[in-house]
Each structure stands twice: as structure tokens, then as C-alpha cells.
2 protein chains.
Amino acid sequence: MRAGPSQEDIRRHNLGALLRHVHLGGPTSRAELTSKMGLNRSTIMALTSDLTAAGLVREELPRETGRAGRPSLVVRPESARVYVFAFDVSPDRIAVARVGLGGVILDRRETVRRRGVFVLEELTGALAGFARQMRRKTRDDTVCVGAAAAVSGGVRKADGVVTFGPNLKAEEAPFGEELGRKLGLGLPVSVGNDANLAALAEHSRGVGVAVRDLIYLHGDVGIGGGIIAGGHLLGGHDGYGGEVGHMVVNPDGRACGCGSHGCLEAEVGERALLEAAGRFGAGPQGRDAVRAVVEAADRGDIVAQEALSRVGDRLGLGVANLVNIFNPEMVIFGGMLREVYLGSAAQVRTQLALHAMGPQRERLRLRTSALGDAATLVGAAELAFAHVLADPLEVLARANT
Amino acid sequence: MRAGPSQEDIRRHNLGALLRHVHLGGPTSRAELTSKMGLNRSTIMALTSDLTAAGLVREELPRETGRAGRPSLVVRPESARVYVFAFDVSPDRIAVARVGLGGVILDRRETVRRRGVFVLEELTGALAGFARQMRRKTRDDTVCVGAAAAVSGGVRKADGVVTFGPNLKAEEAPFGEELGRKLGLGLPVSVGNDANLAALAEHSRGVGVAVRDLIYLHGDVGIGGGIIAGGHLLGGHDGYGGEVGHMVVNPDGRACGCGSHGCLEAEVGERALLEAAGRFGAGPQGRDAVRAVVEAADRGDIVAQEALSRVGDRLGLGVANLVNIFNPEMVIFGGMLREVYLGSAAQVRTQLALHAMGPQRERLRLRTSALGDAATLVGAAELAFAHVLADPLEVLARANT
DNA sequence: CTGGATTGTTACCGGATACAACAAACTCCC
DNA sequence: GGGAGTTTGTTGTATCCGGTAACAATCCAG
């Protein structure tokens with residue numbers, strides 16, 4: 001409700017908006033910025049001057065214009081100079097990326113990991129180690145402006161502590177705090193749920209660009225989700241918003257790890273599919289196992305087909321419920337749900353036709369993730385960049401001291 | 001993304017913020033406004049001067065201060081002078097209220113109506129007639145600054161047309177347009193879904209004040225809902241957000257009017273309860289019939305108790321799903337669901353314990369509507385006032401010509 | 001090479017808020 | 001009842017931000 005000392009606020013906001021433009025939209029000419037932001041030429045110049053002086057963007061003459069008139073300077077993000085660290089803790093791997101302003105992945109390391117084990121010391125140690133390696137390779141004029149991590153689990157908004165997850169037992173893990181300490185950059189590490197951040201990623205740089213209402217469904221061991229409502233990530237009161245995995249789609253269904261029955265996760269998760277296909281425990285686990293089922297079904301394997309069909313029905317019912325409640329413009333399937341959806345699109349559409357209301361269904365678009373496995377890392381990077389976009393000059397002033 | 005000519009924007013925003021303070025918070029001293037809005041004394045003075053000159057607020061010396069120092073002028077909304085018309089089309093009644101700035105219901109008329117009949121001409125005619133009667137009784141210096149209607153049905157965001165609802169057949173009803181024409185005030189009539197507007201009302205003036213994430217569930221013939229996420233009403237892409245009535249809570253359940261099976265509406269709607277209690281068709285309909293079931297259960301009627309129990313189970317499962325997905329701070333039961341919840345709170349809580357995840361459940365509060373039947377009217381009034389709060393001076397300049 | 005078009009650059013203007021100083025009005029205490 | 005202390009209204013000034021306008025720079029077309 002408060003407005004604040006508004007002179008500075010305006011400037012902050014406009015600087016952030018301009019930076020967000022070139023961060024998300026790539027190199028943009030001043031002329032385009034002038035029209036898209038609705039500001040005057042002279043104002044745009046003042047803003048870009050500030051950002052250039054801060055070392056956040058660079059202005060260059062365009063190669064070819066093709067049009068009459070003086071060529072407009074192109075504003076491009078200082079991708080190589082200004083960067084963040086993005087971390088990802090998935091059930092099957094951990095990954096670190098150095099992501100430049102503008103969203104370029106400059107460097108990246110990852111390693112597999114054993115499922116179900118979550119030793120805070122070990123994890124943060126490995127991640128920080130990767131980050132240090134990458135940092136040593138950077139030139140001296142580069143500057144790290146933030147860090148964020150995506151974890152598969154619930155992250156409490158109040159303090160960023162991981163409170164539950166497939167890898168966690170009863171205890172709570174102060175993941176961000178510990179990782180921040182180990183990094184030793186004097187930067188706080190934001191933490192977010194992996195599916196939430198993947199949703200953010202698809203919204204900013206994936207299939208969901210310019211889509212203000214979308215639902216992203218992510219499958220790995222469990223089922224997670226992220227909801228963009230009105231252009232903003234739905235966080236919920238404590239930060240657990242979008243946890244669609246435990247929506248009950250079949251009250252008499254399979255037992256779920258959460259203690260309930262017939263959760264989306266229990267009916268559509270990796271284990272459900274593999275068990276239905278008679279492949280649980282026997283062969284490989286994870287993404288490859290799911291892909292194998294879909295391929296078998298494609299080749300005519302009846303058991304695989306029926307497994308996919310059943311899972312697709314439940315998935316479709318879950319999507320129908322979400323569509324009825326949210327009326328999104330788009331639903332995006334990511335992680336292993338990408339394969340499941342591609343293998344059972346007919347069932348999903350049938351369930352939608354049965355259970356979703358006409359008006360909500362008519363303009364709905366079903367898509368698969370455009371960013372794939374990189375989605376969580378990209379989302380974490382966006383989270384890390386968020387405070388830079390909120391107040392560009394403050395961040396750089398602090399980094400340059 | 002665009003910022004606009006920001007000098008004016010700042011002023012507009014601050015004027016709106018100040019007006020919203022006194023509109024929602026009641027009479028407020030300049031000193032309080034200064035601290036709450038984070039603006040300087042002199043700025044607050046300039047803002048209140050403008051609003052006073054426009055006739056939107058009045059400044060008065062307070063009765064008693066009780067504290068040292070010069071008493072701060074109290075800014076109060078011009079409730080008697082500036083008003084809107086709020087309309088409500090429920091299944092069982094239609095209502096019109098004249099609501100003053102600040103949310104005071106100055107005048108109100110309503111009449112019962114037959115269910116299931118929706119004749120556009122007739123409805124808008126009756127509503128406009130009520131409004132004209134009220135308008136004749138107002139003094140000359142009063143000014144109507146807006147109008148909005150709550151309807152039980154889906155309202156398409158793009159054009160405000162009612163596209164589906166318990167009272168509608170296949171056709172679409174340009175309700176707002178027609179009502180606006182009949183009113184003849186030169187004002188557009190905004191239209192919103194009744195449950196959405198009731199949610200807005202509870203959020204601004206009911207149990208949900210200062211709650212940024214809440215779910216409001218409304219029961220009459222069907223089940224509607226309104227979701228406030230991050231302080232904003234969740235509209236969805238086409239405006240059908242919050243339509244929780246057709247979430248499937250029992251795939252093998254009762255047939256629903258929408259063509260699906262086991263929808264929340266079909267399982268816990270009025271008809272479901274009355275049929276389970278063996279009272280459908282025989283006795284009275286509507287709110288009174290529901291109340292009778294709850295009272296019978298209280299007196300020990302086994303059939304009524306079992307009916308309530310079953311309905312409460314389904315309701316609880318639906319709420320658990322919503323809680324998992326949204327992680328709201330509060331769930332509010334309104335309309336006939338108020339009675340249902342009061343009569344089956346134990347079942348609802350049991351289902352929550354079974355199906356809702358711990359972290360989401362722990363800090364959740366379950367409440368009943370504070371505004372009761374007035375919620376939809378109050379919500380419609382808020383919708384009507386919305387554009388006044390967005391740009392106070394423009395609206396009044398136009399009204400005074 | 002000239003004319004038209006588009007944009008960068010600069011100086012100036014109007015508007016909005018903060019700040020500071022003074023006046024006004026209240027409470028408390030003697 | 002009156003003075004001290006406190007809080008707030010009021011007014012004038014300063015600062016900052018964005019818009020406007022005029023001019024210079026640079027491109028394309030012919």
C-alpha cells in the first residue's frame with residue numbers, strides 16, 4: 001500500500017523495466033525500447049546511460065539497418081560480465097550453471113547422484129565446489145550478482161528452508177543458508193521449488209512467453225507443479241503454492257507416500273507407470289525407463305499401451321480439474337511428464353473433453369516443455385536475477401565495492 | 001511493461017492509494033496516512049486537498065484526541081454523496097443496492113425470483129427499475145460514479161458477457177451492456193461472477209481482510225468459488241478462474257449438469273444434500289431447506305446426520321485438494337455452504353487431515369462468511385468502485401460535467 | 001551528392017515529492 | 001490559568017524525473 005519516496009522509485013522501476021526488456025527480449029534498439037516502454041527518447045537515453053555506466057548493458061551500432069534514418073543504437077546485456085549462479089538439486093542429479101545476464105548459460109557442470117539421500121553437508125559442498133571451479137576460470141572484470149537454487153521439495157517462503165521433499169526425512173534443511181556460507185561470495189542464495197522455477201522459466205524464456213496464465217506440470221519421482229496466474233508465480237501463503245502432486249484424482253486409488261490415497265503423484269508418477277507396465281524394480285529407473293515404456297507402446301506392446309492409457313486417463317482428469325479451477329491459457333508438461341503426455345495425448349484430451357468445462361477448454365493449449373532439463377536451472381537463474389531487475393543500480397554499486 | 005508518462009501516474013496512483021485507505025479502512029487521520037503510506041506530510045496534504053476539492057472526501061477535526069500535539073485532521077469518505085449501484089442476480093432473488101464510498105449500503109431493494117428462468121429483458125428491466133426508484137430519492141448533490149453486477153454464472157473477461165450459468169441455456173447474455181442501457185446513466189456496468197465478487201468482498205471487508213491468499217467457496221444451487229492469490233483475484237485467461245464447482249472429487253460419483261461425474265457441485269450441492277437426506281422435491285427448496293437438514297441433524301435425525309456426513313466428506317476432500325494446490329491462508333465458506341460446513345466441520349477437518357499435506361494444513365484457517373448474503377452486493381460495489389480508486393480525479397471530473 | 005527520414009543529444013520546462021521552517025492547536029504539569 | 005513540550009497543518013524551496021523542442025548526426029533513395 002505504501003508508495004515510498006516516489007522519485008527514486010520511478011527511476012528504479014524504469015531502469016528495471018528496461019533491463020528486463022534486454023534481459024528477456026535480447027538485444028533491443030533504443031527506438032524499440034522507446035515505443036515498447038512508452039517513454040521518451042531522451043528518457044531512454046538517460047536510462048541506458050545509467051545502465052551502461054553501471055556495466056550492465058552495452059550500446060553498439062547495429063550491423064545493417066535496412067531502413068532510412070540514423071541507425072538506432074542497440075542495447076545488449078553484458079552477458080559475459082554480469083552473471084549469477086544457478087543450482088539444481090534433482091532426485092537423480094545435481095547441477096550448477098553460471099548464467100549471464102540475458103539468460104545465456106556460460107558454463108555448466110553436473111553429476112549424477114543417488115536417489116533418496118539428502119546429506120546437507122555433502123550436497124552443498126559439491127555444489128559450492130563446482131561453483132568455485134567455474135569462478136576460477138572467469139576473468140577479473142566479471143561480477144557475480146546473485147545465486148539461487150532449485151530443489152525438489154517444499155520451500156518455506158518465510159526463511160527459504162526446505163521443509164519436505166522426496167529426499168528429506170523429518171528434519172528441515174536450511175539449504176540456502178548453508179550453500180551461501182560455503183560459496184563465500186557474501187551473497188544470499190534464494191531457494192525455490194523446482195517445478196515452480198521451471199514454470200517461471202517456461203514463462204520467461206520457454207513456450208509460455210507472453211502467456212499470463214499457465215500451469216506447468218513437472219514429473220520426476222513425484223509430480224510437482226508451478227502456476228503462473230496473472231503473470232505472477234502463485235506462491236501461496238507459505239510458499240507451497242502449485243503443489244498439485246497431491247491433488248486426489250482417485251479417492252479409492254493407490255496409496256501415496258504422503259499418507260493419502262489416489263494422489264496425482266501416486267497415480268501418474270514414475271512408479272505408477274512402471275508398475276502398471278510391469279517394469280518396476282526390474283530394469284532401469286528414471287527418465288530412461290519412462291521413455292522405454294512409451295517406445296514399447298509405440299511398437300505395439302499391449303501392456304505398455306494399457307499402462308500409458310491408464311496413467312493418461314488420470315493425468316487428464318488432473319489437468320481437467322486444474323483447468324476448471326484456474327482457466328489457464330496453457331498447460332505445459334515437463335520432466336518425465338513430457339514423455340507421458342506425448343504417449344497418451346489422446347487419453348488426456350478425452351478426459352478434458354469429459355471433465356473440463358467448455359469455455360475453459362476451448363482456448364486451452366497443451367504444450368510440452370521447450371527448455372527441457374534446463375528449465376529448472378534457467379528458472380533458478382531468473383530467481384537469482386530478480387533482485388537485480390528490481391533495483392539494478394543498487395546491486396551493482398554494492399558489487400563494485 | 002510500459003511505464004507511461006509517469007508524473008501523472010504517480011499522482012494518480014497516490015490519489016488512488018489514499019482514497020483506497022479511507023474507502024476500506026474508514027475515516028483516517030492525516031497523521032496515520034502519512035505513516036501508513038510512507039509519504040511526507042506535505043504530500044498527504046496536497047493529495048487530500050485534491051480529493052476534497054473533487055468532493056470525494058471531507059476533512060474534519062476529530063472529537064477527542066487524547067494525545068498531546070495539534071490534532072490531526074480526519075479524512076473521511078463522502079459516503080452520502082459519492083455512490084455506486086450494485087446489482088445481484090442470484091438463483092432465488094435479485095437485489096440492488098446503492099452503496100456509498102466507504103462501503104456503506106445507503107439503500108437496498110430486493111425481490112424473490114423463480115429459479116431457472118433467465119429472461120434478459122425482464123431481469124435488467126426489474127433491476128434498472130429498482131435503481132431508478134432509489135435514484136429519485138437522492139439529493140441533487142449526489143453523484144453516481146459506477147455500477148456493477150454479480151451474476152451466478154461465467155462471465156467472459158473480454159466483453160463481460162455471461163456465457164454460462166445455472167439459469168442460462170445455450171445463448172450468451174450481454175447482461176452488462178443491456179443493464180447499462182436501461183439504467184441510462186451513461187455508465188458502463190461491469191459484470192462479475194458472484195462467487196468471485198463475494199471472495200473480493202470478504203477479502204476487502206470481511207473475514208479475509210489482510211489475508212493475501214484465500215479461497216472463498218460459495219454454495220447456492222451450484223458451487224462457485226473465488227480465489228485471492230497474492231492479494232489479487234484470480235481471473236484466469238478468460239475470466240472463469242475460481243470455478244471450483246466442477247472439480248472432480250469422486251470419479252464414480254453422481255452425474256453433474258455439466259456432463260461430467262462426481263463434480264464438487266454434484267456431490268455437495270444443494271440437491272445432493274437434500275436427496276441424501278430424503279428431502280428433495282418434497283419440502284422447501286433453497287437455503288431454508290439446507291438449514292432444516294442441519295437442524296434436524298442437530299436434533300439427532302440419523303438420516304440427516306448421514307447426509308451431512310457424506311456431503312462433509314466430499315467437501316473436505318475438495319477443500320483438501322484446493323489447499324494442496326494453493327496453500328491459502330484461509331478458506332471461507334459462504335452461501336449455503338456456511339450451514340453445510342457448520343454442520344459437518346468434523347468431517348471437513350478429518351478429510352483435511354487425511355488428504356492435505358502437513359505444511360499447507362498447519363497454518364490454515366477455516367472460516368465462515370462474515371458478510372453473509374450481502375457479500376455479493378458488497379463485492380459488486382467494490383468492482384464498481386475499482387475504476388474510481390484507479391483514477392479518482394478523472395472519474396469525478398467526468399461525473400461533474 | 002542532395003533530400004527525406006529517423007534517431008541521438010542537449011537545454012529547458014512542468015510536475016511531483018521531500019525538506020525545513022514556522023504557525024497552530026492540544027496535553028500536561030505546576 | 002499559563003507555560004513547556006509535542007504533534008501536526010501550512011508554506012516556500014530544492015531536487016529529481018520525465019516530456020518537449022530544437023539541432024546535429026547518420027542512413028537510404030535517387
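Basis for what follows: all heavy atoms, side chains included, without hydrogens, waters or symmetry-related copies. Keep in mind it's a predicted model, so treat the numbers as computed, not measured.
Across the protein-nucleic acid pair, Leu39(B) atom CG and dG15(C) atom P stand 20 Å apart, rounded to whole Å. In this structure, the CD1 atom of Ile10(B) is 11 Å from the P atom of dC17(D), given to the nearest Å. Rounded to a whole Å, the CZ atom of Arg12(A) is 17 Å from the C1' atom of dG18(D). Regarding Leu33(A), its CG atom lies at a distance of 12 Å from the P atom of dT7(C), rounded to whole Å. In this structure, Ile44(A) atom CD1 and dC17(D) atom C1' are separated by 13 Å, rounded to whole Å. Atom CG of Leu73(B) is separated from atom P of dT7(D) by 17 Å (rounded to the nearest Å). We find that CE of Met45(A) is positioned 14 Å from C1' of dT20(D), with the value rounded to whole Å. Summarising the geometry, the separation between CD on Glu59(A) and P on dG8(C) is reported as 8 Å, rounded to the nearest angstrom.
Ion pair Arg76(A)/Glu59(A) not flagged as a salt bridge, since none of the NZ, NE, NH1 or NH2 atoms sits closer than 4.0 Å to an Asp/Glu carboxylate oxygen. Between Glu60(B) and Arg58(B) there is a salt bridge, since a side-chain N of the basic residue sits under 4.0 Å from a carboxylate O of the acidic one.
With 3.5 Å as the limit, one finds a donor-acceptor pair spanning the side chains of Glu382(B) and His23(B).
Here the rule is side-chain hydrogen bond (donor to acceptor under 3.5 Å, both in side chains) with Tyr83(B), and of Arg135(B), Arg98(B), Glu78(B) only Arg135(B) fits it.
Nucleic acid contact class of Ser42(B) (heavy atoms, under 4.0 Å, all strands): base.
For His237(A), there are no ring pair (Phe, Tyr, Trp, His ring centres under 6.0 Å) partners two or more places apart in sequence or in a different chain.
Looking only at distances, no side-chain donor or acceptor of Ser79(B) sits under 3.5 Å from a matching main-chain atom of Gly100(B). Using a distance-only test at 3.5 Å, with no hydrogens or angles considered, a donor-acceptor pair links the side chain of Thr28(B) to the main chain of Gly26(B).
One finds a side-chain N or O of Thr43(A) lying less than 4.0 angstrom from the OP1 or OP2 phosphate oxygen of dG19(D). The phosphate of dT17(C) has OP1 or OP2 within less than 4.0 Å of a side-chain N or O from Asn14(B).
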- Note on the structure: Letter by letter from the 5' end, nucleotides 22-27 of chain C scores (B base, S sugar-phosphate only, - none; protein heavy atoms under 4.0 Å) --BBBS
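Two residues, Ala31(B) and Arg11(A), neighbour DNA chain D, and the one matched to the more 5' nucleotide by heavy-atom proximity is Ala31(B).
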